[in-house]
Protein chains: 2
Amino acid sequence: MRDGSKTKELIARTALQLFVDKGVTATTIRDIAGVAGIAEGTLYRHYESKDQLAWELFSTNYLAFAEELDCLQEGYDNLKDKLTAMIRQFCTFFDRDPVLFSYLLLAQHGQLKKVTPEMETAVTVLQKVIAQGMARGEVPEMEVELAAAMVLGVVLEVAVFKAYSRITQDLAPLSEKLAAACWCVLAGNGTH
Amino acid sequence: MRDGSKTKELIARTALQLFVDKGVTATTIRDIAGVAGIAEGTLYRHYESKDQLAWELFSTNYLAFAEELDCLQEGYDNLKDKLTAMIRQFCTFFDRDPVLFSYLLLAQHGQLKKVTPEMETAVTVLQKVIAQGMARGEVPEMEVELAAAMVLGVVLEVAVFKAYSRITQDLAPLSEKLAAACWCVLAGNGTH
DNA sequence: TTAATAAATGAGTGAACACTCACATTAGGA
DNA sequence: TCCTAATGTGAGTGTTCACTCATTTATTAA
């Protein structure tokens, strides 16, 4: 009984890189096999199809990250601390694996239709946390979706800039600034 | 001499919608021709190739919008007003043609590599305006790229939420709130 | 009405694609 | 050492793709 788990991991990392570079549809099985240095048939020992590979890479990591954010968030008792911790976590993870997080950011459009509403994602966690904070009067009431979109935008667009090398420094050192900006967006013009 | 400009416009609108729905690579010439109710060959009377079609739709509108933003911006003499006007413009245009702006938002990743550095885009205009504002002391100094990313994020992510129907209302009525949030991000914790 | 010209057509073409399968190779337990 | 079962292989297969071109259709200027 041979161990193919190393090969599966190699395929995953190679595909991730190519998916980010060229997009999922434009990446061929030949591309992946060629770069990974394996035969085309080998890929099918580990993944049913290209779509299934793209979906597994997306869903596994997308949902796992949401889960981690949710656990982390529970360790704090107010919106400001929850938000700061979540942003720090995102930045740290992005720096640790930029290719993976670039994939999650950029492949979203193609894969997001397959995400069913009952799945807990980073977006739903963020909305929940913001809604709690509003209910507790920590920040002024406003449309939760709008608030979540603005906060998410501050963090994600900076990550997108980093993915495009428009920003060159690591994200983690920026996390305090990002958290401050997000807090400002939620708290309004200078109150709090 | 027949007039094919109507057909070209029909192809453009049909392709735009399909590109947003399925992505450029996953959209076939058959798809476009089928939905538009024309023959496959007809498309090639108006566009060299699928890539050229995708690029023309992207670059024309992407650069035209940047140009409009830049003209608009010149009509104001301080960062806050410039920013507010630009955001109002974006929201108005998005509401007027959501499919086009969704394409610009979501197709970015594929087309952005073809955008050469000397082209003036919405991002460069925004960076220029923010840099001016900092130089004039209207907002505290910080990394221009970071500031631009955060401001852009607030606006674009709200548009993305709208494109995904996570937000259902029009963007234009939100433009004052967005401008306030962006100003807050730039001006810092409650100062100004 | 007609001639001239551009637009529109859709079957056809070669290339590239995702995926298969009969076979070769390897690792590890007996 | 040898057997076994999983892993790895790559030429082969049917399909789908972007794109072409000889032909037809529609428009307009004369």
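Convention: sequence-line order gives letters A, B, ...; per-chain numbering from 1.
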If you measure only the distance, is there a donor-acceptor pair under 3.5 Å linking the side chains of [X] and [Y]?
X: A:Asp81; Y: A:Thr84; value: no
X: A:Asp31; Y: A:Thr28; value: yes
X: A:Ser49; Y: A:Asp51; value: no

Listed by chain and number, what are the side chain to side chain contact (heavy atoms under 4.5 Å, CB included) partners of B:His109, not counting sequence neighbours?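 Counting only residues at least two positions away or on another chain, B:His109 forms a side chain to side chain contact (heavy atoms under 4.5 Å, CB included) with A:Leu106, A:Tyr164.
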
What pairs with A:Phe101 under ring-ring contact (aromatic ring centres under 6.0 Å, His included), at least two apart in sequence or on another chain?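 Scan of A:Phe101 (ring-ring contact (aromatic ring centres under 6.0 Å, His included), adjacent residues dropped) gives A:Phe65, A:Phe90.
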
Using a heavy-atom cut-off of under 4.0 Å over every strand shown, decide if [X] touches base, sugar-phosphate, or nothing.
X: A:Ser5; result: nothing
X: A:Thr27; result: sugar-phosphate
X: A:Ile38; result: sugar-phosphate

More than 12 heavy atoms from other groups under 6.0 Å of CD on B:Glu48: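 Result for CD/B:Glu48: open.
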
Generate the contact string for nucleotides 19-30 of chain C. Rules: B means base contact, S means sugar-phosphate contact only, - means no protein heavy atom under 4.0 Å. BB-B--BBBS--

Would B:Lys8 count as a cation-pi partner of B:Tyr47, with NZ or CZ less than 6.0 Å from the six-membered ring centre and within 45° of the ring normal?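 Judged by the rule, B:Lys8 and B:Tyr47 form a cation-pi pair.
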
Counting Watson-Crick and G-U wobble pairs with both distances under 3.5 Å, what is the dot-bracket string for DNA chain C, 5' to 3', using [ ] for crossing pairs and | for pairs to another strand? ||||||||||||||||||||||||||||||

Please collect all side-chain hydrogen bond (donor to acceptor under 3.5 Å, both in side chains) contacts where either partner lies in residues 57-72 of chain B, sequence neighbours excluded, each pair once.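 Output for this query lists B:Asp70-B:Lys128.
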
Between A:Glu40 and A:Arg30, does any NZ, NE, NH1 or NH2 come within less than 4.0 Å of an OD or OE carboxylate oxygen?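 A:Glu40 and A:Arg30: salt-bridged.
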
Could you check whether any side-chain N or O of A:Glu157 sits under 3.5 Å from a backbone N or O of B:Ala149, counting only pairs where one atom can act as donor and the other as acceptor?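 Not confirmed, A:Glu157 side chain does not pair with B:Ala149 backbone.
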
Below 4.0 Å from chain A heavy atoms, what is the first contacting nucleotide of DNA chain D and what is the last?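 That gives a stretch of D:dA6 to D:dG10.
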
